[in-house]
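Everything on this sheet refers to the single structure shown next.
Every chain is numbered from 1, with letters handed out A, B, ... down the list of sequences. The figures that follow rest on heavy atoms only: side chains count, while hydrogens, waters and symmetry mates do not.
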Amino acid sequence: MTHAHFLSRRLLFLTLLLSPLAASAGIIVNPDVQGRSISVATLRNIYTLRQTLWPNHQPIVIFVLPDDNPVHVAFAKEKLGLYPYRLRQTWDRMSFSGMASAPIQVKDENEMRERVRATPGAIGYTSKDTVYDGIKTLRLE
Amino acid sequence: MTASRLSGWNSLLLGGLLAASPVWGDELAGPRYHVQGFVAQGLIGTTNNRFFGDSRDGASTAFTEAGLHGTWQALDAVRLSGQVLYRHAGESDRAGLRLDYAQADWQFYQTEVSQLGLKFGKVKLPYGLYNETRDVPFTRPGILLPQSVYVDASRDLLLAAPGVFLHGASVQRYGAVDFMLGWVRPNFNSESVEYVFLGRARPGKLEGTGAVGARLRWDLPTETTLMLTYADATAEYTPASADSLAAGKVNFRNVLATVQQRLDTLTLTAEYGEPRGNPTGFGAALPDNARTAQAFYLQGEWRFRPAWELMLRHELFYRDKNDKNGMQFQAASGLPAHTMFARDLALGLRWDTTPNLMLRAEFHHVDGTAWLPGPDNPVFLSREQRWNMWLLQAAYRF
């Protein structure tokens, strides 16, 4: 890690401490996704559209909440170490140029859970590390 | 390109895009499609020269952009995508509705972290950081792209063209690398492009015969992006019946280097290019004259609030790097020296009012007229060296 990167992580961390919106988001996947945990690097590669397949070569289907949703803001900053606007820049660049599909946006956490439950290869997040029927929660390492 | 010139295949794709609703398909496990779009309206005021319409000492509303973009994941390895664009930019772009691009992408090799693919059709051309999404207002660093590097006057040449690209990407510990390498038949057939290469609109026809393009991008773990773009294009001129030009050839090649560093809420970007135009065989009215231009900008963007961004940019453009102040050109042609250079200082403010609505304001102080759009300023001698420009833009996405 370079100094610049370290510094930016520190700033994000400070922002989060001061933010009342920060919630501990849980990573959820469709039960057919293998494994119990996911690394920060892999999560970031998935959400920046660089990793498109699970280890068993199943296509990854990404779900997100709207850019200004507090759970999305917390997920982006806390789990990915990226500001929501930078994620949006990447998605716009990749999708409008035809190089990738942008993540699928859902309106709230209920829809997020329904879509992740129903979609093979799906990944998403919720505000709490709660266990839900028909959804698998991944440990972030 | 006008709507009437679309081929049957293109019309079919266009129709499909228009018929689709702006949501993801609901068959979750089956084929998926996605449609998104935008509408933007600008307001431009200038002193001394005109930019995108009748902007001098007033306000021009002749800057409108709208796009409808569709993607269909037909198979796990095949994605079809395309965009219909409506654009009006003063006298420089009155074509209205057109098919921006329509491509098929076949990813024939995929692992968890690497992809290799072939895209073909009317494909988006890789050129620097912003070219492939240059008409999507949200993806630009300002209302206008840096005119030095992304010259709107020759945009038709840079946008999209029929051809094929091999592309690959891989993410590793040292960062993410991707490349593109391809061949297209470039589009020289527009009035603005004729201004750039032949001095003004000509009665004959300038048509692209072929071009190779390559781009290498490396995103380092330090939040640094390095990129190198190369393009080499050729066009042939067919004179009209009474034409002062002979059947000549234009060769255009460009090397562009890009550096971007992201530091928390700050983004620093610089791009440097040396485009070289070489018209040959046009006869006495347009002597052979190979010229290497120089284009450079340095830009800072600062997201000082989650929805607010400030942009400051300085850019330089010299149409002949061996005659930066244009004095040799003036002595030889009698035309003003300031048409050979442009130095622009721009300040911009962006407000993402909601995730769907963006408002922008921008101010430019320009010394030189090198990238002034020709069709908006047809009389060389009435162009003035120093001018200011302010712009406002509202953009909505869905």
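To the nearest 0.5 angstrom, A/Met99 atom CE is 4.0 Å from B/His167 atom NE2. Here the OG atom belonging to A/Ser97 is positioned 10.0 Å from the CD atom belonging to B/Gln83, to the nearest 0.5 angstrom. Distance check, rounded to the nearest 0.5 Å: CD of A/Gln58 to CD of B/Glu112 gives 12.0 Å. From B/His34, atom NE2 reaches atom CD1 of A/Ile104 across 8.0 Å, with rounding to the nearest 0.5 Å.
The most heavy-atom pairs under 4.5 Å with chain A, out of B/Lys119, B/Lys124, B/Arg79, come from B/Arg79. Contacts with chain A were tallied for B/Asp76, B/Thr224, B/Val171, B/Asp178; B/Val171 has the most, counting heavy-atom pairs under 4.5 Å. Comparing A/Gln89, A/Arg86, A/Arg93 by heavy-atom pairs within less than 4.5 Å of chain B, the highest count is held by A/Arg86. Ranked by heavy-atom pairs under 4.5 Å with chain A, the list B/Ser114, B/Ala160, B/Pro355, B/Gly67 is led by B/Pro355.
Residues B/Gln36 and A/Ser95 are in side-chain contact: their nearest non-hydrogen atoms beyond the backbone lie under 4.5 Å apart.
The nearest pair of heavy atoms linking B/Ala176 to A/Arg50 is CB-NE, 3.2 Å. Shown here for B/Thr133 and A/Asp92, the closest heavy-atom pair between the two residues is CG2-O, 4.0 Å. For A/Gly98 against B/Ser81, the heavy-atom pair with the smallest separation is CA-OG, 3.4 Å. For B/Asp264 against A/Tyr85, the heavy-atom pair with the smallest separation is O-OH, 4.2 Å. Contact detail for B/Gln110 and A/His57: the closest heavy-atom pair is O-CE1, 3.6 Å.
The neighbour count for B/Trp106 CH2, taken as heavy atoms of other residues, nucleotides or ligands under 6.0 Å away, does not exceed 12. No more than 12 heavy atoms of other residues, nucleotides or ligands lie within 6.0 Å of CG in A/Asp133, so this atom counts as exposed by the packing criterion.
The aromatic rings of A/Phe96 and B/Phe38 sit perpendicular to each other, their planes meeting at more than 60°, with 30° as the lower class boundary.
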key: Residue pair B/Gln73, A/Ser101: steps toward the side-chain contact (heavy atoms from CB on, under 4.5 Å) verdict   = CA-CA 8 Å; B/Gln73 190 79 44; A/Ser101 300; 3.9 Å; yes
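Contact of A/Pro59 with chain B is made through the side chain alone, with heavy-atom distances under 4.5 Å. Residue B/Ser170: no heavy atom, backbone or side chain, is found under 4.5 Å from chain A.
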